[in-house]
Amino acid sequence: MRGIRAFVGSAALWALLAARVAAAVEPVSMAIAIGAASILTGYLSYSGAFCRFSECCGEERTLNASALKLNLEAKLFGQHLATEVILKALTGFKNNKNPKKALTLSMHGWAGTGKNFVSQIVAENLHPKGLKSNFVHLFVSTLHFPHEQKTKLYQDQLQKWIRGNVSACGSSVFIFDEMDKLHPGIIDAIKPFLDYYEQVDGISYRKAVFIFLSNAGGDLITQTALDFWRAGRKREEIQLKDLESVLSVGVFNNKHSGLWHSGLIDKNLIDYFIPFLPLEYKHVKMCVRAEMRARGHAVNEDIVTRVADEMTFFPKDEKIYSDKGCKTVQSRLDFY
Ligand SMILES: Nc1ncnc2c1ncn2[C@@H]1O[C@H](COP(=O)(O)OP(=O)(O)OP(=O)(O)O)[C@@H](O)[C@H]1O
Ligand SMILES: *[C@@H]1O[C@H](CO)[C@@H](O)[C@H](O)[C@H]1NC(C)=O
Ligand SMILES: *[C@@H]1O[C@H](CO)[C@@H](O)[C@H](O)[C@H]1NC(C)=O
Ligand SMILES: [Mg+2]
């Protein structure tokens, strides 16, 4: 948008200059030129037209909270806590014209419970092109920061990237996947961007969104879910307060969480710890049905049951939770 404004500005200037030359001869053409210049400016900076050709950052774009809600409720299974917290966090953040800091969400949970899936939904609701957007950046620890001895280099790189990305678009979204495989300390490089500063070197990071994904704390979440189950209480009775503090403390003290002794937790820079509960047999079935529909097939309950029965469940005795959540459901379905 900044580019087109500059372009429109100079187009208008040229028109005026041309008019000034002409005005020496004829005052009427001066008026016409001014009119033309302002119409041009008005037309081209009408963002709706422009953003159809090239992706816009849309820093002032509002979040359609009801669309996000419908999306999460229809697509995300068995995660009442994550749904609730994500909705609350994003709605509050996007409704605030002047957020005091960037929004930071840390999502935790067992494998295949929907962390990447949700971050994709969130990304799509913030930038229509989702993960393909120029303003959504995915960092995968094992891919982008594999070597422990290069911590310093990675920290510099990360700061440079984020600085560049946020100066291009204030409402950029950064997703850090596999945080548990990130070497300790690397993530602290982004601490200044998450803090309550109005600006850092002339750039404001306050409209950016940072999302961390990890399996760290998954064991604590599972234990809580299991306690509820054994006490005969409903899964939906689990509340955020049963888990949030357990998670932040657990992750802080876990050497392999990517947030071990991290200043981000120490200084309360992570706004929400979001627990993803382990998925049950019935949720796996829901995933199979969703996948069938996505492939344009009619739902065949026979196959749904067969695919779900192929998955393995834990703990050994009760066999309540899927070992891999809904992961591998898609590839298993290929056999039918
Ligand atoms: N709660 C859920 N509701 C609906 N679909 C789900 C859910 N969890 C997982 N899925 C399906 O399973 C696939 C794999 O899940 P996803 O990649 O989000 O897992 P993850 O939590 O990131 O796991 P990991 O910790 O192993 O990376 C998703 O693409 C989605 O299709
Ligand atoms: C928000 O989303 C809902 C549901 O998808 C849709 O009906 C509504 O028109 C959207 N509102 C705006 C302002 O885009
Ligand atoms: C933005 O981030 C990406 C990584 O996702 C990086 O390749 C790119 O160079 C960054 N852009 C700027 C302007 O720094
Ligand atoms: Mg994942």
Side-chain angles (χ1 to χ4, degrees), residues 48 51 58 60-87 90-91 94-95 105-128 130-131 138-144 175-182 211-222 225 235-236 238 247 251 256-258 274-295 304 307-308 310-312 314 321-334:
C51 295
E60 307 300 325
R61 191 188 294 134
T62 52
L63 173 79
N64 186 339
S66 51
L68 176 62
K69 185 160 188 277
L70 283 177
N71 240 260
L72 289 172
E73 279 167 0
K75 293 186 187 166
L76 184 66
F77 309 131
Q79 303 295 2
H80 69 283
L81 290 172
T83 303
E84 175 195 317
V85 181
I86 289 168
L87 257 177
L90 280 174
T91 318
K94 294 299 277 186
N95 280 344
L105 310 174
S106 193
M107 305 187 179
H108 301 266
W110 202 256
T113 49
K115 299 179 296 295
N116 283 81
F117 187 59
V118 160
S119 43
Q120 187 186 333
I121 295 178
V122 168
E124 279 164 6
N125 278 271
L126 295 175
H127 294 286
L131 294 180
L138 176 68
F139 297 101
V140 183
S141 305
T142 44
L143 186 69
H144 295 99
I175 302 168
F176 291 82
D177 198 5
E178 299 187 14
M179 276 291 285
D180 39 328
K181 306 213 175 58
L182 193 66
I211 301 175
F212 304 140
L213 311 181
S214 82
N215 295 127
D219 46 348
L220 300 170
I221 298 170
T222 299
R235 177 186 180 91
E236 287 73 24
I238 304 176
L247 258 185
V251 169
H256 304 286
S257 68
I274 306 179
F276 280 68
L277 304 174
L279 297 179
E280 299 172 9
Y281 182 76
K282 67 174 180 207
H283 302 122
V284 173
K285 279 183 143 182
M286 291 163 94
C287 288
V288 183
R289 290 189 199 107
E291 183 59 25
M292 284 176 155
R293 275 188 221 106
R295 293 182 186 192
V304 172
V307 173
E310 273 180 28
M311 306 288 282
T312 51
F314 71 97
Y321 303 118
S322 166
D323 276 316
K324 298 190 192 100
C326 278
K327 255 186 179 172
T328 71
V329 159
Q330 286 156 357
S331 48
R332 274 161 210 268
L333 203 53
D334 294 337

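Computed from heavy atoms alone, side chains included, the values below leave out hydrogens, waters and symmetry copies. Every number for a ligand or one of its atoms is a count from 1 in the order of the listing.
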Could you tell me which non-hydrogen atom of [X] sits nearest to which non-hydrogen atom of [Y], and how far apart they are?
X      : Y      : result
Gly325 : Met311 : O-CE, 3.3 Å
Lys115 : Leu213 : O-CD2, 4.0 Å
Arg61  : Pro128 : NH1-CD, 3.5 Å
Leu81  : Ile238 : CD2-O, 3.5 Å
Ala82  : Phe276 : CB-CZ, 3.8 Å
Ile175 : Ser119 : CD1-CB, 4.0 Å

Original post:
Without hydrogens or angle criteria, can the side chains of Asp180 and Ser257 be said to hold a donor-acceptor pair below 3.5 Å?
Top reply: no
Original post:
Do Asn64 and Thr62 have a side chain donor and acceptor closer than 3.5 Å?
Top reply: no
Any protein N/O atoms within less than 3.5 Å of an N/O atom in ligand 2? List the atom names and distances, or say none.
from     : atom 1 : to    : atom 2 : distance (Å)
ligand 2 : 2 (O)  : Asn64 : OD1    : 3.3
ligand 2 : 2 (O)  : Asn64 : ND2    : 2.4
ligand 2 : 11 (N) : Asn64 : ND2    : 2.9
ligand 2 : 14 (O) : Asn64 : ND2    : 3.4

Original post:
Rounded to the nearest 0.5 Å, what separation is found between the NE2 atom of His108 and the OG1 atom of Thr113?
Top reply: 11.5 Å
**OP:** Measure the spacing between CG of Leu247 and OG of Ser106 and express it to the nearest 0.5 Å.
**Re:** 8.0 Å
Residues 69-78, side-chain donor-acceptor partners within the protein, below 3.5 Å, at least two apart:
from  : atom 1 : to    : atom 2 : distance (Å)
Lys69 : NZ     : Glu73 : OE2    : 3.3
Asn71 : OD1    : Lys75 : NZ     : 3.4

I'd like the atom pairs linking ligand 1 to the protein - N or O on both sides, separation under 3.5 Å - with distances to 0.1 Å.
from     : atom 1 : to     : atom 2 : distance (Å)
ligand 1 : 1 (N)  : Phe77  : O      : 2.9
ligand 1 : 1 (N)  : Thr113 : O      : 3.2
ligand 1 : 3 (N)  : Phe77  : N      : 2.8
ligand 1 : 8 (N)  : Gly112 : O      : 3.3
ligand 1 : 8 (N)  : Thr113 : O      : 3.3
ligand 1 : 8 (N)  : Gly114 : N      : 3.1
ligand 1 : 18 (O) : Lys115 : N      : 3.4
ligand 1 : 18 (O) : Asn116 : N      : 3.2
ligand 1 : 18 (O) : Phe117 : N      : 2.9
ligand 1 : 21 (O) : Thr113 : N      : 3.3
ligand 1 : 21 (O) : Gly114 : N      : 3.1
ligand 1 : 21 (O) : Lys115 : N      : 2.9
ligand 1 : 21 (O) : Lys115 : NZ     : 2.8
ligand 1 : 22 (O) : Asn116 : N      : 3.2
ligand 1 : 22 (O) : Asn116 : OD1    : 2.6
ligand 1 : 23 (O) : Gly112 : N      : 2.8
ligand 1 : 25 (O) : Lys115 : NZ     : 2.8
ligand 1 : 25 (O) : Asn215 : ND2    : 2.8
ligand 1 : 26 (O) : Lys327 : NZ     : 2.5
ligand 1 : 27 (O) : Lys327 : NZ     : 3.3
ligand 1 : 31 (O) : Gln330 : NE2    : 3.3

**OP:** Anything under 30° is parallel, anything over 60° is perpendicular, the rest tilted; go ahead and classify Phe139 against His144.
**Re:** perpendicular
Original post:
At distances under 2.8 Å, what protein N, O or S atoms surround the Mg ion (ligand 4)?
Top reply: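 Those protein N, O or S atoms (cut-off: under 2.8 Å from the Mg ion (ligand 4)) are Asn116 OD1.
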Subject >> side-chain hydrogen bond (donor to acceptor under 3.5 Å, both in side chains) partner of Glu291, chosen from Arg289, Arg293, Arg295 >> reply: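 Option passing the side-chain hydrogen bond (donor to acceptor under 3.5 Å, both in side chains) with Glu291: Arg295.
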